[in-house]
Amino acid sequence: MLQVVGESGSGKSMLALSLMGLLPPGVQVRGGNIRLQGQDLLALGAAPMRALRGRDVAMIFQNR
């Protein structure tokens, strides 16, 4: 399990959206890689990424 903590505005949400493959249009990961059990998540297509969400990768969105 990974928990991300930090001050408001420190990038926690953007990090989580990157991990989930849910970045908004026009935003992209420009360097590095994101690996889960040796698999590069950035190289996955839409369907394989959808299969991981909820099963292997999840995010709890904060209600405002």
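Positions are given from 1 along the sequence.
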* Where do Lys12 and Gly6 come nearest, in terms of heavy atoms and distance? -> NZ-O, 3.0 Å
* To do: Kindly write out the residues that satisfy side chain to side chain contact (heavy atoms under 4.5 Å, CB included) with Leu23, not counting sequence neighbours, or none if the list is empty.
  => Met14, Leu17, Ser18, Val27, Val29
Extract all donor-acceptor atom pairs below 3.5 Å that involve side chains of residues 36-55 and protein atoms in other chains or at least two apart in sequence.
residue : atom : partner : partner atom : Å
Asp40   : OD1  : Leu42   : N            : 3.1
Arg53   : NE   : Met20   : O            : 2.7
Arg53   : NH2  : Met20   : O            : 3.1
Arg53   : NH2  : Gly21   : O            : 3.4

